[in-house]
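Below is one structure; the comments refer to it alone.
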Amino acid sequence: MPNKSAGLTGRALAVYSKDMKVELRSKYAFNAILMFGITTLAVVSFTLGQSGLSASLLAALFWIIMFFAAMAGLAQVFVREEETGTVLALRLAADPTAVYLGKLFFNLSLMILIAFVITPVFFIFTDAPVDNILLFVLVLILGIVGLCAATTIVAAIISKAGIKGALFAVLSFPILFVLLLLLVSASTRVLEEATLGGIALELQGLVAYSGVMITASLMLFKYVWQE
Amino acid sequence: MWWKIILLSGLAAVIVFSFITPAPQNIIGEASRIFYYHIPMAWIAVLAFALAMIYSIRYLRSKKIIEDIRARSAASLGLLFSFLATVSGSIFARVTWGSFWNWDPRETSIFILLLIYGAYFALRTAVAVEEKRASLAAVYAIFAFLTVPFLVFVVPRVVPSLHPADSVIGADFKFTMGTTVRLIFFASLAFFTVLYLWLFNLTCRVGVLYRKIIEEESL
């Protein structure tokens, strides 16, 4: 752990690299999210058949898979601290803002890694045509940022509560609903016509959503983190 | 005491006049009378959420448990009124659009509001320590309230709407509501709001007394 004199970026990066080290030792969260995603994907693809699915159905399926994959493992970053009893040490070693940013970056890298695996497999399984890959990747990245922005503080909340597993999805869904709606709408249009101008409204909404959620989390996180 | 008499006679007058005056909307007919009750319910559901958020902020600033009791009381009544708004809206949807539920943006928003209230109470029951429960619930209430602007401004643009609200409280408001209709509607809105605030006050007092009994028993 760094001393308190290091800058905010330095302190956040220290929390991030600590979490990365812990994750690389066990790979628990990564495996949980990845296998959950692949399993859901296989079930969906197997039951619906290979081709001929409409763009809106494909977009909805893709984001439902991503949502449940995220629900399977994103809480781990805080639950782990509670289970191993390292909360107090981390609370002493770093300030709330640095902890929040470190954990947010950790969840972001986790989801981006997962998306790297799940997205190609999704397109192979469903045989969906994508004309504009760059635009789809842009929506995907904004979606992952939004997912992590909204769920990181919820993960911190549920790590202090009794029943953790079910509560994470219950608390996250109402907040993520708007995001999922925007993402499904944007992805549908990307799969259908693939122009940047066609999804301008959704892109604005996605950026605004992530901005609001991260700002609010930075302001509220200390009330969750400190006893 | 005097205001309770006004409230009682006011609500009685609203109920009587909402049925004996001509129906507020010609095309839908008699069923359109539900709007005298449906809109106040929906308005109170949102008002209660805003109150819960304000008291949650006050709790986080002062750490006084009374603010948490107020936030919880506002939310518990909000849950009741959002349920009433959902049910009355659903009945109205059956009459006008032919099905009880069709994921119109307004239906979606009220459903998400119901889910948020549900999640809020699920969180409260999952935390045993009082102070911890209060601050976690407060953070969640504030965080969840931030989705309201998105539900109001973003969702209707992404999902197509059939809801008549845009013509009732929209720009052409004056054309769709006559003087009698407007009078009954705003009286209903005002009296139901007062009723909510009274219920809110009672729920807070019950909450305080309940906490006192628990404390005395544990001594």
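Below, chain A is the first sequence line, B the second, and so on; all start at residue 1. Atom set for the values below is all heavy atoms of this structure, side chains included, hydrogens, waters and symmetry mates excluded. Note that the structure is predicted; figures quoted are calculated from it, not measured.
- In this structure, B/Phe111 has its ring center closer than 6.0 angstrom to the ring center of B/Trp103.
- With a 4.5 angstrom heavy-atom cutoff, A/Val170 touches chain B via backbone and side-chain atoms both.
- Only the side chain of A/Leu182 comes within contact range of chain B, judged by heavy atoms closer than 4.5 Å.
- When each of B/Leu123, B/Leu114, B/Leu146, B/Val127 is checked for heavy-atom pairs under 4.5 Å with chain A, B/Leu123 comes out on top.
- Side-chain rings of B/Tyr37 and B/Phe92 stay apart, their centers remaining 6.0 Å or farther from each other.
- In terms of heavy-atom pairs under 4.5 angstrom with chain A, the leader among B/Leu60, B/Thr108, B/Thr147 is B/Leu60.
- Contacts of A/Met219 with chain B are absent, with no heavy-atom separation under 4.5 Å from either backbone or side chain.
- To the nearest 0.5 Å, atoms CE (A/Met66) and CD1 (A/Ile144) are separated by 4.5 Å.
- When heavy atoms are compared at a cutoff of 4.5 Å, B/Thr125 does not approach chain A at all.
- Atom CG of B/Asn102 and atom CD of B/Glu107 lie 4.5 Å apart (nearest 0.5 Å).
- One distance of note links CZ of A/Phe62 with CG of A/Leu191; it measures 9.5 Å at 0.5 Å rounding.
- No other option in A/Leu181, A/Val154, A/Ile158, A/Val184 has as many heavy-atom pairs under 4.5 Å with chain B as A/Leu181.
- Each of A/Lys160, A/Lys18, A/Arg91 was checked for a salt bridge (charged side-chain N to carboxylate O under 4.0 Å, His left out) with A/Glu81, and the lone residue meeting it is A/Lys18.
- For a residue to count as touching a neighbouring chain, one of its non-hydrogen atoms must lie under 4.5 Å from one of that chain's; by this rule A/Tyr223 touches chain B with backbone and side chain alike.
- Proximity to chain B is absent for every atom of A/Ala156, based on heavy atoms less than 4.5 angstrom apart.
- Using a 4.5 Å cut-off between heavy atoms, A/Leu167 contacts chain B through its side chain alone, with no backbone atom that close.
- Contact annotation for A/Leu201: only side-chain heavy atoms (C-beta onward) come within less than 4.5 Å of a heavy atom of chain B.
- Only the side chain of A/Ile153 comes within less than 4.5 Å of a heavy atom in chain B; its backbone stays farther off.
- In this structure, the ring of B/Tyr117 has its center no less than 6.0 angstrom from the ring center of B/Phe83.
- Both the backbone and the side chain of A/Tyr209 come within less than 4.5 Å of a heavy atom in chain B.
- The most heavy-atom pairs under 4.5 Å with chain B, out of A/Leu220, A/Val212, A/Leu171, come from A/Leu171.
- The aromatic ring centres of B/Phe49 and B/Phe145 sit less than 6.0 Å apart.
- Side chain of B/Ser135 to backbone of B/Glu131: a donor-acceptor contact under 3.5 angstrom is found.
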